[in-house]
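First the structure, in the form of structure tokens, and then the observations on it.
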Amino acid sequence: MIEKIIELKKERKAVILAHNYQLGEVQDVADFVGDSLGLSQQAAKTDAKVIVFCGVHFMAETAAMLSPDKIVLLPDPNAGCPMADMINAEQLREEKKKNPGSPVVCYVNSTAEVKAECDVCCTSSNSIKVVERLGDERPIIFIPDQYLGAYTASKTNKKLILWPGYCPTHMKIGVDDIINLKKEHPYAEVLVHPECRPEVIAQADHALSTDGIIKRVRQSLSREFIIGTELGIIHRLKIESPEKIFIPASKRAICPDMKAITLEKVLWALERMEYHVTVPPEIREKAVKAVNRMLEIV
Ligand code: SF4
């Protein structure tokens, strides 16, 4: 199957992207493994004609926005992100009416039509910088993740209006999981994603994006790490730092949407050239502005 994928990839002039939460076997067949925005940016720089995005729908949309001349395929059309789907453009327009003049910051984990309604995007690694650069006059509407929003607010003196979205996978990591593991592994460094609940973050040494966790492990002198994010990341951590030990904060932190992509589906995507993800030009134009504004800031 891997040979067939590689053969078809060449034939189609395709590039395969895999998010850090993908199954290990899918990560292994990818040209690039990383976080959603970084992957879309890397793919945009290539001369590939086709992008196979092994991730969830909003990620494929971001790739389509940044590479409008490439065909973007999502191997499973039902791989969505429940958190991104917790707000739609209509709900955001209502929220803006309730808070006239407030700037809107959206986490990249949002749909293209929602991004198109926002002033600026952010990622889990730059949300603090983005929020700090906005004016002080009005509170900032932050969507869709209340926990990344709360973490960002705690690190700035800005007032944020938080949309009550959340990641169901990171919600599965409980504060007791971390407390118990810290007792069992007193020398382990605790790294969690800022999509975790505040009480979980309070128990951690660092709250970092997925690529931030990978970098921290590379640089740290610690030998053991308690990892508070989706389990797929441990595959990459083990490859990059085989001498280190990784303990998942919760074995239940598995995103079913991320795990919907399998090697078979990657092969079928290339064989059948399915499933196309596109963003209408009028949405794309506005949504790309929000992404570019973030890139200017950071
Ligand atoms: S891990 Fe959470 S934020 Fe990421 S795709 Fe799954 S549900 Fe969405």
Side-chain angles (χ1 to χ4, degrees), residues 17-24 26-27 30 33-40 52-64 72 74-88 105-115 118 121-127 142-152 162-174 177 191-198 200-201 204 207-214 227-237 248-262 265 275 277:
L17 312 180
H19 188 270
N20 289 319
Y21 296 160
Q22 287 289 296
L23 290 170
V26 173
Q27 293 187 31
V33 181
D35 62 22
S36 65
L37 184 68
L39 287 173
S40 295
V52 180
F53 208 123
C54 304
V56 295
H57 193 268
F58 79 81
M59 299 179 179
E61 275 188 335
T62 308
V72 178
L74 183 63
D76 185 323
N78 297 315
C81 169
M83 179 167 75
D85 293 338
M86 286 178 192
I87 186 165
N88 61 32
V105 177
C106 70
Y107 184 23
V108 281
N109 293 29
S110 52
T111 63
E113 62 156 24
V114 164
K115 286 188 181 81
C118 296
C121 271
C122 74
T123 65
S124 52
S125 62
N126 66 27
S127 62
F142 190 97
I143 58 149
D145 184 13
Q146 59 179 303
Y147 296 120
L148 177 63
Y151 174 71
T152 306
L162 304 177
W163 186 260
Y166 60 90
C167 164
T169 299
H170 285 86
M171 284 288 278
K172 288 182 188 149
I173 301 170
D177 293 325
L191 307 178
V192 304
H193 195 280
E195 284 173 25
C196 290
R197 284 176 280 189
V200 171
I201 294 177
L208 297 164
S209 64
T210 52
D211 276 359
I213 290 176
I214 289 160
I227 302 293
T229 191
E230 212 275 353
L231 289 189
I233 199 171
I234 291 181
H235 179 76
R236 188 162 162 210
L237 288 170
S250 167
K251 290 192 178 135
R252 289 171 299 134
I254 297 171
C255 174
D257 286 87
M258 284 284 181
K259 300 306 193 248
I261 313 288
T262 58
K265 289 180 190 170
Y275 294 86
V277 174

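The first residue of the sequence shown is numbered 1, and numbering continues consecutively from there. All heavy atoms count here, side chains included; hydrogens, waters and symmetry mates do not. Atoms within each ligand, like the ligands themselves, are counted from 1 in listed order.
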Next item on the list: I would like to know whether Thr169 and Ile254 meet side chain to side chain contact (heavy atoms under 4.5 Å, CB included); could you show each step before the answer?
Entry: CA-CA 6 Å; Thr169 299; Ile254 297 171; 5.7 Å; no

Next item on the list: Measure the CD1-CG distance between Ile213 and Leu191 for me, rounded to the nearest 0.5 Å.
Entry: 6.0 Å

Next item on the list: Starting from the C-alpha separation in whole Å, work towards a yes-or-no answer on side-chain hydrogen bond (donor to acceptor under 3.5 Å, both in side chains) for Tyr151 and Ser127.
Entry: CA-CA 9 Å; Tyr151 174 71; Ser127 62; over 6 Å; no

Next item on the list: Pull out every atom of ligand 1 sitting under 4.0 Å from any heavy atom of Asn109, numbered as shown with elements.
Entry: 3 (S)

Next item on the list: Could you pull out all residues at least two apart from Phe142 that satisfy ring-ring contact (aromatic ring centres under 6.0 Å, His included)?
Entry: none

Notebook entry, point to check: Contact between Glu195 and ligand 1, counting heavy atoms under 4.0 Å?
Noted result: yes

Notebook entry, point to check: Leu148 and Thr123: which non-hydrogen atoms are nearest, and at how many Å?
Noted result: CD2-O, 4.4 Å

Notebook entry, point to check: Of all heavy-atom pairs between Gln27 and Ala18, which one has the smallest distance, and what is that distance?
Noted result: CA-CB, 4.0 Å

Check: So what's near atom 6 (Fe) of ligand 1, protein N, O or S atoms under 2.8 Å?
Finding: Cys255 SG

Margin query: I'd like to know whether Glu230 forms a salt bridge (Lys or Arg N to Asp or Glu O under 4.0 Å) with Lys259, so could you lay out the CA-CA distance, the side-chain angles of the two residues, the decisive distance to 0.1 Å, and finally the verdict.
Written below: CA-CA 10 Å; Glu230 212 275 353; Lys259 300 306 193 248; 2.9 Å; yes

